[in-house]
Amino acid sequence: MAQKARRKNKELFALGNEAVVEGALLAGCTFFAGYPITPSSEIMEVMAQKLPRTENGAFIQMEDEIASMGAVIGASLAGRKAMTATSGPGFSLMQEHIGYACMVEAPCVIVNVMRGGPSTGLPTSPAQGDVQMARWGTHGDHPIIVLSASTVQECLEMTIVAFNFSEKYRVPVILLIDEITAHTREKITIPSERDYEIFSRVLPSMPPEWFKPFEETTRGVPPMAPIGSGYRIHVTGLTHDPLGYPTQRPDEVEEFTHRLFRKIDQHFADIVLTEEYETKDAEVAVVAYGSVARSAHLAVDQAREQGIKAGLLHLKTLFPFPRAALEKLTRRGAAILVPEMNMGQISREVKRVNAGRVRVRTINRVDGQIITPSQILKNIGQM
Amino acid sequence: MNANSHELNRFELRLSGLGGQGIITLGKLLGYGLAIHHGYYVTQTQSYGPEARGGSSRADLVISSNPISYPKTENVDLLVALSQEACNEYYGVLKPNGVLVIDTVMVTQTPTNRFLGAEFTNYAKDKMGNPLTLNTIVLGAITHLLPFAQPRLMRKALEENMPAKILELNKKAFNLGQREAKKRFGEAPEIWKKAAEYAEEEVIEALE
Amino acid sequence: MSQVTQLIHQYLRHNKRFPHVYCPGCGHGIVLGSLVRSVHNLGLSKDEVCLVAGIGCSGRMAVYVDFNTVHTTHGRALTFATGIKLANPELTVICVMGDGDALSIGGNHLIHAARRNIGVTALILNNNIYGMTGGQCSSTTPMGSRSMTTPYGQLENTFDIVELAKAAGANYVARSTAFHAKMMDAQISQALSRPGFSLVETFSPCHTQYGRKNQFRTVVDMYQDLKVRSTPLEKWNEMDPAKRGDKFPIGVFVERDEPGLEERYMAMAEGLRKKEANA
Amino acid sequence: MPPKKGQTCVFAYPDWCKGCGLCVAFCPAKVFELGPTGKVRVMHEEECINCGFCELHCPDFAIAVLPKGENGSCSADLHVAQEIRQKMKGYEKG
């Protein structure tokens, strides 16, 4: 039986927040800067405990979230795999530096444990109100990757994925978790080294005088030279040329912006992660993410028991939006149900991709409570 | 999965009471034991923030042989209420065939006459000489109550999670809880059978 | 005295459109020279120096020197510097900021960097004004001064950077002016060779945005003014406070050798790991 | 080292000078003056006492004070200025 193999791996009974730390450490994270905020604080607390015991690990509690993100980028530029964790209000503050990270292409991971908002909102209640902000929170056009996790095990796995994507594409990666997943304890299995892949940024292989730190490569992602490695590059939040120096030349500016987008666009297939459940013959497909995907899973089972052909498209990558997976369902004519704990942030994307082809219905729950399986089931029945 | 464990499909359990009674620790221990040593799928959630600071405390567990989709409790199979307030508030989520366990020192007005009661608080104070052992005593009692829980494995969970200094005391408290539960509540399979029968009778009565 | 200018040229990125962007007589160029000399005199290699700059005129400095340079966001340079230093304590991290940068938008970061004694040298180029954005008042614009946003005179009190850094717990605090380049050389060298958080404030006249609006005929007048008003600390301490008038003290205000945060952290981590290995 | 006149050569690079006048105002030996183009000129090199003020305080690195060569000439050091110019040319962008 497969259980024998599984027993070799370490098992923990852990919070979603704790699982994030386990994933980060497996991915090679050695730097954490943060500021306490409910409901993400456990991530920071466990990091404070574990990082000094990790080879080269460094942890710092900064004076606010702006500073945390600044320190994270600084550490990233100095060659570390770095992360921070926060929640709504702190995420708002971080936007300034998330833009900077996009601009200088500094790999970093930001975990946002979503709670009710806007403003201080509902500090201890779940919501999914930061989805569009994760995509468009910082000013200016920018590419970014937004992931989500729905179970405690996924918190671990998606944190590894987040680090891998950020290192591979030199882009900040935002992992959205909601309060429910963050504060649920479940058994998780720590994968052994064979079970997962770790990606680290590509270092330049040419001598410093030939190196153009922001030049497009065949991979679309320029190699990255850490501070102090002899390359003495200039990093700036101003729009820059391939050498890294500020430019206002229209041709250089345009090329720069296009390159930033291209490096994500040309790797959609790698970045866009979804999971399908019972969708093959589904007449009603639920599109869900985060803890709501768990409720939807049970609701689909219950609907099937009642003879309704329901299915689930579970979005693990939220941005770039999994267009192809959704189109596969809408082309076949499946009606779409989008339950989310916000006023319709992913359903906007769903409707945009659907372009009126099939019926799209939404469940928008904003009372600080999780969407229950029975609520989804009722709506499936009404489609 | 442990060889002699029961096949379970979503068993829901709520532990409730006052802050300071060790409810959250109890939930974590119970969840740890069932997940790591019994091999069940377990999700454990709890009350947070102002809710938790208001004096009440709550930990919920869902236990299943299969992966758990919805992690929260909807209809509770076993409700443990260690305060009057908790008992009043959560009795409504107990399934008709569910079992209610109360601390008879703390809960004086029960919403039903079908309950299992024991003076857990007094056991901790008088028999163990330490009020802080309350939650471990309750853990012992719950372990006895759950037909799929094995005392041996729960003790292992205790050993792995308790600081060495207080381990012996807590092992004693666990045994005490188990013993008292056996004495007062009877054997577990009987309790659950009775609860199921009762619920059925109620349905029939309602139909008549 | 010789080879001063030649030396500076060894550290400049000559392809970055010299002469630099600063207005005629701007003190920032003098500070840049002083910084280069200090790094050179300490025998630091270009590779081990990381210059982190904020936004504003001072922020432009990063582009001109051939170190590892990071041009960050407004007011936040110290947060990046903190991350860099903690990630690689081997680096000599210098954080160049203006007064608006370090004290207005970045005031909180400044006091916390000083408090936690992170091993970074903060170089604050105080020109009493927002130069780059067009001459708005900053938190160091003297009371009564005119600026684009205080057309009838500044009504607010100003920050005394030295006193602020002292109170916040910096390891080393010094002040000089662009007129006192030699003193600045000594102070920056001192700051760079010390552990923990060092702060050097230097008055750097801005004639374009501040001087013109405040009765300074030429930029030379502003240097003359610095020359007259600056008072060596020893003399300042002996002065009758009633007679100090609009003079200000220059010199070294705090000299301590407390280990920096990164050192303390590494020591703690090492201790933890040793304990674990023995257990 | 006591200041001594006539032991130095003073160079000013007009390309880099912005004509702020600091050197003119503060040079104790009055070596400099501003020319008709507003840029600095070395007028009284022989008066230079090698105090170093101008080199330290020129915000634009446009002044170099160098010791005289063995034969008392300054030409030996002209190449420094040449070198810098050469360097800049090489980097000039389109």
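All figures in this text were calculated on a predicted structure; none of them were measured in a lab. Throughout, protein chains are lettered first and strands after them, A, B, ... in sequence-line order, and every chain is numbered starting at 1.
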If you count the non-hydrogen atoms of other residues, nucleotides and ligands that lie under 6.0 Å from [atom1] in [X], is the total more than 12?
| X | atom1 | result |
| --- | --- | --- |
| B:Lys127 | NZ | yes |
| B:Lys95 | NZ | yes |
| A:Tyr277 | OH | yes |
| B:Glu201 | CD | yes |

message: Using the rule side chain to side chain contact (heavy atoms under 4.5 Å, CB included), only one of A:Glu186, A:His183, A:Arg185, A:Lys187 pairs with B:Gln44; which is it?
response: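 In the set A:Glu186, A:His183, A:Arg185, A:Lys187, the residue that makes a side chain to side chain contact (heavy atoms under 4.5 Å, CB included) with B:Gln44 is A:Arg185.
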message: Counting only non-hydrogen atoms closer than 4.5 Å, does B:Leu34 touch chain A with its backbone (N, CA, C, O), its side chain (CB onward), both, or neither?
response: neither
Quick check for you: to the nearest 0.5 Å, what is the distance between [X] atom [atom1] and [Y] atom [atom2]?
| X | Y | atom1 | atom2 | answer |
| --- | --- | --- | --- | --- |
| A:Glu11 | B:Tyr32 | CD | OH | 9.5 Å |
| A:Ile188 | B:Ile36 | CD1 | CD1 | 8.5 Å |
| B:Thr43 | A:Phe13 | OG1 | CZ | 8.0 Å |

- request: Side-chain contact test, heavy atoms from C-beta onward, threshold under 4.5 Å: evaluate it for B:Ser69 versus A:Asp301 and give yes or no.
  value: no
Atom pairs and distances, side-chain donor-acceptor, residues 16-29 of chain B, under 3.5 Å, sequence neighbours left out:
from    : atom 1 : to      : atom 2 : distance (Å)
B:Ser16 : OG     : B:Val80 : O      : 2.9
B:Gln21 : OE1    : B:Leu18 : N      : 2.6
B:Gln21 : NE2    : B:Leu82 : O      : 3.1

message: Taking 4.5 Å as the heavy-atom cut-off, does anything in residues 287-300 of chain A contact chain B, and if so which residues?
response: A:Arg294, A:Ser295, A:His297, A:Leu298
- prompt: For A:Thr274, which residues count as a side chain to side chain donor-acceptor pair (under 3.5 Å) partner, sequence neighbours excluded?
  reply: none
query: Taking only residues two or more places apart in sequence or in another chain, which ones pass side chain to side chain donor-acceptor pair (under 3.5 Å) with A:Gln369?
result: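 With neighbours one apart ignored, the set is empty.
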message: What part of A:Thr372 gets within 4.5 angstrom of chain B, counting heavy atoms only: side chain, backbone, both, or neither?
response: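 Both parts, backbone and side chain.
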- prompt: Of the backbone (N, CA, C, O) and the side chain (C-beta and beyond), which part of A:Leu122 lies under 4.5 Å from a heavy atom of chain B, both, or neither?
  reply: neither
